[in-house]
Amino acid sequence: MGFIGSGSIGRTLAQLAVEAGHQVVLSNSRGPETLADTAAELGPRASAATSEEAAAAGDIVVVTVPVSAFPHVPAAPLAGKTVIDTCNYGPERDGHIPELDNKSLTSSELLLRYIPDALLVKAFNNIFFKHLLSLARPAGAADRSYLPTAGDSAPAKAAVTEFIDSIGYSVVDAGTLVDSWRQATGTPVWGTPYGPYSNEKGQPVGEDAIRAALATATR
C-alpha cells in the first residue's frame, strides 16, 4: 500500500493496513524524514518515502491530500494502478474551484484529470478517522460496519473491496465516480451514520442504513 498524504485518515488507514498484514509506504509533501517517527511507530511493515516512490511501490495507492494539492499528485507512477481517493473538497481550505462549486464535476472526477491513467475508487472520505479506527471488526462480526465506494473500474473496485474487507469493513457499491457526490461532504452518509465526533468510539452501521443514506442524498 502506497500513501500520498499522511494526515489523520492516511495514518489511520496505514495503521489498520499494517495490523492486517499489509506493507505500507508513507509519503507527504514535506519529505520522508518528517515521517520517520510515524513509520517507526507502525513497525517493520512501514517505511517512508517520497510521493513518487510511494506511488511506484503500492499495488494500491491511497491519495489522501487537500483538493488544492491535486496538481502535485504524481501521475506517471499511478498509471494503470488502483488508486483510493479519500479526499473531500473544502472551499475554506482549498479555495474556490468553479467546477466543484457549480457541481459540474465531483472531486474524484477532478482528481482523475490530474492522474488520468489511474483506476480511481472513492472510499473512506465519509468517516471520521477516530471512528475508522475504532469500528473495524473481523469478517462475520454481527456489528461490522459498511463503507460506500464509487468508481468506474470493476477490477479496481474489487481490489479496493478486498482491501477494505481485510482491515475490518464491508462495502456498499455506491456507483461510478459521477455518482460519488452522494458520499461527499455534508451528505446524509457523510459522518452522521457513524455517530458524532464527540463519541470517539462511534457506532456500527449496517448495509441498509448506508444504502438509505446514499439514496436520500440531494445535489
Side-chain angles (χ1 to χ4, degrees), residues 1-7 9-28 42 45-67 69-89 105-127 129 132 136 139 146-184 210 214:
M1 300 292 301
F3 286 82
I4 298 173
S6 297
I9 282 285
R11 289 177 188 224
T12 301
L13 276 175
Q15 180 179 339
L16 290 170
V18 163
E19 290 171 357
H22 301 282
Q23 297 277 344
V24 303
V25 182
L26 304 170
S27 72
N28 63 16
L42 290 172
R45 291 196 183 99
S47 59
T50 66
S51 295
E52 289 79 7
E53 290 166 343
D59 297 320
I60 296 176
V61 180
V62 179
V63 174
T64 179
V65 299
V67 170
F70 283 179
H72 307 296
V73 175
L78 295 177
K81 289 203 174 186
T82 295
V83 174
I84 298 174
D85 165 24
T86 79
C87 309
N88 287 310
Y89 172 51
L105 285 180
T106 64
S107 59
S108 289
E109 290 174 295
L110 180 65
L111 176 56
L112 200 57
R113 289 188 172 184
Y114 293 101
I115 51 171
D117 299 316
L119 305 174
L120 200 62
V121 178
K122 190 78 168 189
F124 301 111
N125 71 302
N126 73 309
I127 187 169
F129 74 97
L132 179 61
Y146 281 72
L147 295 167
T149 65
D152 298 338
S153 164
K157 285 167 94 170
V160 172
T161 296
E162 185 177 348
F163 169 68
I164 292 174
D165 180 68
S166 77
I167 65 167
Y169 288 85
S170 297
V171 166
V172 170
D173 187 334
T176 65
L177 291 181
V178 172
D179 302 315
S180 63
W181 64 268
R182 290 185 175 277
Q183 63 199 75
I210 295 298
L214 290 166

Quick check: does any side chain N or O of S6 sit under 3.5 Å from a backbone N or O of S27, one acting as donor and the other as acceptor? yes

Verify, without hydrogens or angle tests, whether N125 (side chain) and Q183 (backbone) share a donor-acceptor contact under 3.5 angstrom. yes

Closest non-hydrogen atom pair between [X] and [Y], with its separation:
X    : Y    : value
V25  : A57  : CG2-CB, 3.9 Å
Y114 : A75  : O-CB, 3.3 Å
A174 : P148 : CB-CB, 4.2 Å
A118 : L112 : O-CD1, 3.7 Å
S166 : A20  : O-CB, 3.4 Å

Partner set under side chain to side chain contact (heavy atoms under 4.5 Å, CB included) for [X], not counting sequence neighbours:
X    : result
S180 : T106, S108, K122, A150
D152 : T176, L177
A159 : I60, T82
V172 : Y146, E207, I210, R211, L214

With side chain to side chain contact (heavy atoms under 4.5 Å, CB included) as the test, would you mind laying out the steps for N88 and S107 before giving the verdict? CA-CA 7 Å; N88 287 310; S107 59; 5.9 Å; no

Could you state the interatomic distance from [atom1] ([X]) to [atom2] ([Y]), rounded to the nearest 0.5 Å?
X    : Y    : atom1 : atom2 : answer
H22  : F163 : NE2   : CZ    : 5.5 Å
I164 : I84  : CD1   : CD1   : 6.0 Å
L111 : F70  : CG    : CZ    : 4.5 Å

According to side-chain hydrogen bond (donor to acceptor under 3.5 Å, both in side chains), who are the partners of [X], at least two apart in sequence or on a separate chain?
X    : value
D165 : R144
N126 : Y194
R45  : none
T64  : T86

Apply the test side chain to side chain contact (heavy atoms under 4.5 Å, CB included) to residues L16 and E19: give CA-CA distance (whole Å), side-chain angles for both, the deciding distance (0.1 Å), then the verdict. CA-CA 5 Å; L16 290 170; E19 290 171 357; 4.1 Å; yes

Derivation of the side chain to side chain contact (heavy atoms under 4.5 Å, CB included) call for E109 and R113: CA-CA 7 Å; E109 290 174 295; R113 289 188 172 184; over 6 Å; no

Residues in ring pair (Phe, Tyr, Trp, His ring centres under 6.0 Å) with F124, at least two apart?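 Not a single residue meets the ring pair (Phe, Tyr, Trp, His ring centres under 6.0 Å) criterion with F124.
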
V83 and side-chain contact (heavy atoms from CB on, under 4.5 Å): which partner among V160, V62, I115, L119?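 Answer to the side-chain contact (heavy atoms from CB on, under 4.5 Å) test with V83 among V160, V62, I115, L119: I115.
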
With sequence neighbours left out, which residue pairs that include part of residues 52-63 fulfil the side chain to side chain donor-acceptor pair (under 3.5 Å) condition?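 Non-adjacent pairs meeting side chain to side chain donor-acceptor pair (under 3.5 Å): T50-E53.
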
Applying side chain to side chain donor-acceptor pair (under 3.5 Å), which residue pairs with at least one partner in residues 153-162 are found, sequence neighbours left out?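 Every side chain to side chain donor-acceptor pair (under 3.5 Å) pair that includes a residue of residues 153-162, provided the two are not neighbours, is K157-D173.
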
Considering only residues two or more places apart or on different chains, which pairs with a residue in residues 46-65 satisfy ring pair (Phe, Tyr, Trp, His ring centres under 6.0 Å)?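 Sorted result for residues 46-65: empty, none.
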
Take I127 and Y169 through the test side chain to side chain contact (heavy atoms under 4.5 Å, CB included) and record every step on the way to the result. CA-CA 12 Å; I127 187 169; Y169 288 85; 4.3 Å; yes

